[in-house]
Amino acid sequence: DRAMEAYARLAELDPTRAGGYLRDLLRLYVRAGRRDDALATAKRIVERTPGDPEARIDLAQTYMLYNEPEEALAEYRHALRLAPDEPDFHRQYGEALASQGRWGEAQEAYRRMLDTAREDSTRLDAVNRLGVVYQQQGRLDELLQEFQARVRQTPKKLSAYQEVAALHKIASNYGKALEVLDEAANAVDDKAEALRLLLNESYSLREFERAAASLQQLMALSGRPTVAELERLGLIYYQLGDSDRARAAWKRITDEHP
């Protein structure tokens, strides 16, 4: 309560920093479960800076928290009119729509997230979210065909294979996902990065034979395996129950990196 009083007073005393103080005050009201005060403060932030998309997002999140989805969706749309190229805003809007079972609109939001993504990791996140929405509608095969066509159009682009593999994982076709990444390792120019991706996915799916093979190929590319690579190879063999090959891999560390 004393902290709330302090932030409210600071917002009055220091108009130039009032936005930051009000956001801190908003977080405290939410933690304290003071719904009306939280909503009033979020609205006050918007009133101070109506052209700030982040202020609209704060208000939208507060509405969602207190189960007022229509008001929240209106604020998300306002934020997107102010900042149409911000993928994270499209993500949040899609999540809000999906929480209400509005699958078609959520699908469009995630497609906008995909279109505005500037990094491969954001694109992959959008594809995963889009895949879940299509699966909810029983249309995942349709989306898979669309992204498989992207691979054919850009056969040297690793992220295109990664996106198709992600959709196979959503469908629980884990073997097919690894086949796609194996294909990528043979097709793309950055073979090392493709092998790392295949290694990590194989390991996470407990396909240890494939993981070992991927790691050996990766080590062969450099010609001088690192300590970390040898350590991991030994661990993979150990998880396969092959103690001899595990010991041999770990012994190479002392031999080659004394």
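The figures that follow rest on heavy atoms only: side chains count, while hydrogens, waters and symmetry mates do not.
The environment of CG in N186 is crowded: more than 12 heavy-atom neighbours from other residues, nucleotides or ligands sit within 6.0 Å. Counting heavy-atom neighbours within 6.0 Å of R17 CZ, excluding the residue itself, gives a total of 12 or less. Surrounding NZ of K251 are at most 12 heavy atoms belonging to other residues, nucleotides or ligands under 6.0 Å away. The number of heavy atoms from other shown groups lying within 6.0 Å of CD (E119) does not exceed 12. A 6.0 Å sphere centred on CZ of R44 holds no more than 12 heavy atoms belonging to other residues, nucleotides or ligands.
Taking both residues in full, the closest heavy atoms of M113 and T122 are given as CE-O, 3.8 Å, listed atom of the first, atom of the second, then distance. Contact record, G131 with I170: CA-CD1, 3.8 Å, taken as the closest heavy-atom pair. In plain terms, the two heavy atoms of L82 and P50 that are nearest each other are CD1-O, 3.9 Å. Here the shortest heavy-atom pairing between R48 and G19 reads NH1-N, 3.5 Å. Looking at every heavy atom in both residues, G94 comes nearest to Y110 through C-OH, 3.3 Å. Shown here for A177 and A165, the closest heavy-atom pair between the two residues is CB-O, 3.5 Å.
Cluster annotation: L205 and L195 are assigned to distinct hydrophobic clusters (Ile/Leu/Val/Met/Phe/Trp/Tyr, side-chain heavy-atom contacts under 4.5 Å, transitive). The cluster map of Ile, Leu, Val, Met, Phe, Trp and Tyr, joined by side-chain heavy atoms under 4.5 Å apart, puts V180 and F147 in the same cluster. Note: the hydrophobic cluster containing L178 also contains V127 (ILVMFWY, side chain heavy atoms under 4.5 Å, direct or indirect links). Taking hydrophobic clusters as Ile, Leu, Val, Met, Phe, Trp and Tyr residues chained together by side-chain heavy-atom distances below 4.5 Å, L73 shares a cluster with I57. Hydrophobic clustering keeps L97 apart from L143 (ILVMFWY residues linked when any side-chain heavy atoms are closer than 4.5 Å, directly or through intermediates).
With respect to Y93, the side-chain hydrogen bond (donor to acceptor under 3.5 Å, both in side chains) criterion is satisfied by exactly one of R77, R112, E108: R77.
One finds the CG atom of N200 at 9.5 Å from the OG atom of S214 (value rounded to the nearest 0.5 Å). Between R91 atom CZ and T116 atom OG1 the span is 12.0 Å, to the nearest 0.5 Å. Atoms CD and CG, on Q216 and L233 in that order, are 5.5 Å from each other to the nearest 0.5 Å. Between the CE atom of M219 and the OG atom of S222 there is a distance of 7.5 Å, given to the nearest 0.5 Å. Once rounded to the nearest 0.5 Å, the distance linking CG of L197 with CG of D190 reads 10.5 Å. Note that CG of D182 and OG of S202 are 8.0 Å apart. Values are rounded to the nearest 0.5 Å.
When atom types are taken as modelled, the side chain of W250 and the backbone of E231 share a donor-acceptor pair closer than 3.5 angstrom. Between the side chain of H90 and the backbone N or O of P84 there is at least one donor-acceptor pair closer than 3.5 Å. In terms of modelled atom types and a separation under 3.5 Å, the side chain of R210 and the main chain of E201 share no donor-acceptor contact. Judged by distance alone, the side chain of R129 and the main-chain N or O of A109 form no donor-acceptor pair under 3.5 Å. N128 contributes a side-chain N or O that, together with a main-chain N or O of L124, makes up a donor-acceptor pair within less than 3.5 Å.
Contact annotation: the side chain of Q107 approaches that of R139 to within less than 4.5 Å [non-hydrogen atoms, C-beta and beyond]. Using a 4.5 Å cut-off on side-chain heavy atoms (C-beta onward), E71 and E75 make no contact. By the 4.5 Å heavy-atom criterion applied to side chains, L167 and E163 are not counted as neighbours. Taking 4.5 Å as the limit, some side-chain heavy atom of P225 sits within range of a side-chain heavy atom of R252. With contacts defined as side-chain heavy-atom distances shorter than 4.5 Å, the pair H257/L230 qualifies. Side-chain contact between E179 and E183 is absent, with no heavy-atom pair separated by less than 4.5 Å. The shortest distance between side-chain heavy atoms of D244 and R247 falls below 4.5 Å.
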Audit row: E142, Q137, side chain to side chain contact (heavy atoms under 4.5 Å, CB included) steps and yes/no: CA-CA 11 Å; E142 176 186 329; Q137 301 174 91; over 6 Å; no
Criterion salt bridge (charged side-chain N to carboxylate O under 4.0 Å, His left out) on R196 and E193, from CA distance to verdict: CA-CA 5 Å; R196 286 189 197 95; E193 185 58 31; 3.3 Å; yes
Q61 vs Q92, side chain to side chain contact (heavy atoms under 4.5 Å, CB included): CA-CA, chis, key distance, verdict: CA-CA 9 Å; Q61 290 172 343; Q92 293 188 52; 2.7 Å; yes
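The pair E229-R232 does not count as a salt bridge, with every side-chain nitrogen at least 4.0 angstrom from each carboxylate oxygen. Ion pair D120/K157 not flagged as a salt bridge, since none of the NZ, NE, NH1 or NH2 atoms sits closer than 4.0 Å to an Asp/Glu carboxylate oxygen. A salt bridge links E146 with R150: the distance from a Lys NZ or Arg NE/NH1/NH2 to an Asp or Glu carboxylate oxygen falls below 4.0 Å.
The ring-ring contact (aromatic ring centres under 6.0 Å, His included) test applied to Y174 returns no partner, not counting sequence neighbours. Residues passing the side chain to side chain donor-acceptor pair (under 3.5 Å) test with Q145, sequence neighbours excluded: none. Judged as a side chain to side chain donor-acceptor pair (under 3.5 Å), and not counting sequence neighbours, D115 has no contacts. With sequence neighbours left out, Y134 forms a ring-ring contact (aromatic ring centres under 6.0 Å, His included) with no residue at all. With sequence neighbours excluded, the residues satisfying side-chain contact (heavy atoms from CB on, under 4.5 Å) with N173 are H168, A171, K176.
Checked by atom type, the side-chain pair Q100/E70 shows no donor-acceptor distance below 3.5 Å. With 3.5 Å as the limit, one finds no donor-acceptor pair spanning the side chains of E95 and Y76.
Applying the under-4.5 Å side-chain rule to Ile, Leu, Val, Met, Phe, Trp and Tyr, the cluster around Y29 extends to M4, Y7, L10, Y21, L22, L25, L26, L28, V30, L39, I45, V46, L59, Y63, L65, Y66.
Using cut-offs of 30° and 60° for the angle between ring planes, the Y203 and F208 rings count as perpendicular.
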